[in-house]
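Only heavy atoms go into these numbers, but all of them, side chains included; no hydrogens, no water, no symmetry mates.
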Amino acid sequence: MKMHRADEACGITQDAVVMGDWWNVLVPRETARDRLRFDALAVELGLSLDVLAERLVRLIDRGVLRRSLYQRRPDRYEYLLTDAGSALLPLLVATACSAGR
């Protein structure tokens with residue numbers, strides 16, 4: 001997403017850059033609904049495993065999600081909202097509510 005220089009410090013613009021893609025909105029929504037594991041996210045979203053893995057890495061790198069180990073041998077992780085990710089939820093709800101009008 002291309003940004004105007006005046007928008008670089010704008011929190012809304014920065015949120016849009018982080019969320020930028022449909023799946024980047026749906027993954028945090030599902031983690032907020034307690035679908036925390038890779039398999040549960042894949043089933044709920046109907047998303048290819050490669051695309052889901054890519055989006056999870058992107059959301060972790062951008063500080064929206066964090067991984068938490070829940071099993072060893074093989075290592076398996078849950079994906080949890082960070083404080084920044086939780087702060088995005090009201091924006092997602094407001095967007096959904098305004099789109100439903």
Do the side chains of L52 and V27 get nearer than 4.5 Å, heavy atoms only? yes

So do the side chains of L59 and P28 get within less than 4.5 Å of each other, counting heavy atoms only? yes

If you group Ile, Leu, Val, Met, Phe, Trp and Tyr by side-chain heavy-atom gaps below 4.5 Å, do L36 and L89 land in one group?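 No, it is not one cluster - the side chains of L36 and L89 are not joined through contacts under 4.5 Å.
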
Among residues at least two apart in sequence or on other chains, which ones pass side-chain contact (heavy atoms from CB on, under 4.5 Å) with [X]?
X: V57; answer: D61
X: A87; answer: none
X: E30; answer: R33, R35, L41, E44, L45

Taking distance alone, no hydrogens or angles, what donor-acceptor pairs closer than 3.5 Å link side-chain atoms of residues 69-85 to residues at least two apart or in another chain?
unit_1, atom_1, unit_2, atom_2, d
Q71, NE2, P74, O, 3.3
Y77, OH, R67, NH2, 3.4
E78, OE2, R37, NE, 3.3
E78, OE2, R37, NH2, 3.4
T82, OG1, G63, O, 2.4
T82, OG1, V64, O, 3.1
T82, OG1, A84, N, 3.3
T82, OG1, G85, N, 3.0

Closest approach of L49 to A42 (non-hydrogen atoms, all atoms of both residues):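 In this case the closest contact between L49 and A42 is CD2-CB, 3.7 Å.
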
Please report the interatomic distance CG(L56) to CZ(F38), rounded to the nearest 0.5 Å.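 Interatomic distance, L56 CG to F38 CZ, rounded to 0.5 Å: 6.5 Å.
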
Gap between atom CZ of R55 and atom CG of D50 - 0.5 Å precision: 11.0 Å

